[in-house]
Amino acid sequence: IDDAHADGDVPDLRWSDVGPTAAQAGWDGYRHDSAKSVTWAMTQAPRGLVQSGVLARLLAPHRDIARKRVTLLYKPIDPARAATLVRAAEFKATSTRKPAARDSLALRSAQATESEEASGAGLVNFGILVTATVIDPAKEADARAAVDNLGATARLRLRPVYGSQDSAFAAALPL
């Protein structure tokens, strides 16, 4: 399909032509037709200031991965709940005589967030799924190492979605 679009053609597809004809979910991967995919989920967002290009290498094609999909999942936070989250950070930082450096940083971040929210910005819960697909099973280890390295350069903590690879694969589809 990608090749047809690249050539300027519109692929002629019927329902019987789409989707894998066979699939098998494993503990740490998802085998479908003639390929194997592994999906990772973000377990921790980047800390501190995040520059606009932080995801560039993660989003770019990689020689060790036949197909890579990066899916951003997000849900806006209700403004009333957002204010509660900001106040909770303020309380934690001011409830002790000598707050930890991390609490002071969280307080400054919460105050900046409060200021941005007052200017019209909203808070969003978000997650990231990264799916790497290989055609050659011998390249699976290289693809796994590549995603681990790309996650680190994006300042994300990623881990394979053990036991739910089929669900994670489906959740990351561009629907």
Side-chain angles (χ1 to χ4, degrees), residues 1-78 81-82 85 102 105-106 109 113 122-175:
I1 293 171
D2 289 339
D3 293 339
H5 284 297
D7 294 339
D9 297 332
V10 177
D12 181 30
L13 297 173
R14 296 179 306 277
W15 276 112
S16 59
D17 296 330
V18 298
T21 57
Q24 181 180 24
W27 179 253
D28 62 350
Y30 183 63
R31 186 133 186 81
H32 48 95
D33 285 342
S34 60
K36 179 156 185 199
S37 295
V38 178
T39 300
W40 288 257
M42 178 184 79
T43 61
Q44 185 177 24
R47 290 184 181 202
L49 184 63
V50 177
Q51 301 296 327
S52 62
V54 74
L55 297 177
R57 290 188 62 201
L58 180 64
L59 296 173
H62 194 280
R63 62 183 164 79
D64 292 329
I65 304 169
R67 296 244 191 303
K68 179 170 31 110
R69 188 171 52 246
V70 178
T71 305
L72 301 174
L73 308 165
Y74 61 92
K75 179 180 178 185
I77 298 174
D78 175 60
R81 187 170 183 291
L85 294 172
R102 181 169 286 169
L105 182 61
S109 177
T113 299
L123 291 180
V124 176
N125 274 333
F126 74 98
I128 295 178
L129 296 172
V130 178
T131 302
T133 301
V134 295
I135 307 301
D136 180 0
K139 295 193 176 197
E140 182 181 343
D142 292 338
R144 286 176 181 271
V147 171
D148 288 341
N149 289 331
L150 292 169
T153 63
R155 298 178 50 205
L156 298 173
R157 281 209 177 146
L158 300 172
R159 72 180 286 276
V161 183
Y162 294 118
S164 298
Q165 285 288 318
D166 51 350
S167 299
F169 182 88
L173 289 173
L175 301 176

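A search for side-chain hydrogen bond (donor to acceptor under 3.5 Å, both in side chains) contacts involving Asp142 returns nothing, not counting sequence neighbours. With sequence neighbours excluded, no residue forms a side-chain contact (heavy atoms from CB on, under 4.5 Å) with Ala152. With sequence neighbours excluded, the residues that form a side-chain hydrogen bond (donor to acceptor under 3.5 Å, both in side chains) with Thr21 are Asp33. Under the salt bridge (Lys or Arg N to Asp or Glu O under 4.0 Å) criterion, Asp28 pairs with Arg144, not counting sequence neighbours. Residues satisfying the side-chain contact (heavy atoms from CB on, under 4.5 Å) criterion with Gln44, sequence neighbours excluded, are Arg47, Arg157. For Ala45, the side-chain contact (heavy atoms from CB on, under 4.5 Å) criterion is met by Met42, Phe126, not counting sequence neighbours. By the side-chain contact (heavy atoms from CB on, under 4.5 Å) test, Asp9 is found to be paired with Ala4, Asp7, residues two or more places apart in sequence or in another chain being considered.
Distance check, rounded to the nearest 0.5 Å: CZ of Arg31 to NZ of Lys36 gives 7.5 Å. For the atom pair CG (Leu58) and CD1 (Ile128), the distance works out to 7.0 Å, reported to the nearest 0.5 Å. In this structure, OG1 in Thr131 is found 11.0 Å from OH in Tyr30, a value given to the nearest 0.5 Å. Within the model, atoms OG1 of Thr43 and CG of Leu158 stand 7.0 Å from one another, a figure rounded to the nearest 0.5 Å.
Between Gly29 and Val38, the shortest heavy-atom contact is CA-CG2, 4.2 Å. Here the closest heavy-atom approach between residue Ala154 and residue Leu55 is recorded as CB-CD2, 3.9 Å. Closest of all the heavy-atom pairs between Leu156 and Pro46 is CD2-CD, 3.6 Å. Between Pro160 and Trp40, the shortest heavy-atom contact is N-CD1, 3.4 Å.
For the pair Thr133 and Ile65, the minimum side-chain heavy-atom distance is 4.5 Å or more.
Among residue pairs with one or both ends in residues 52-74, none qualify as side-chain hydrogen bond (donor to acceptor under 3.5 Å, both in side chains); sequence neighbours excluded.
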Check residues 161-170 and write down every donor-acceptor pair under 3.5 Å in which the side-chain atom is one partner and the other belongs to a residue at least two apart or another chain.
from	atom 1	to	atom 2	distance (Å)
Gln165	OE1	Thr39	N	2.7
Gln165	NE2	Thr39	O	3.1
Gln165	NE2	Val161	O	3.0

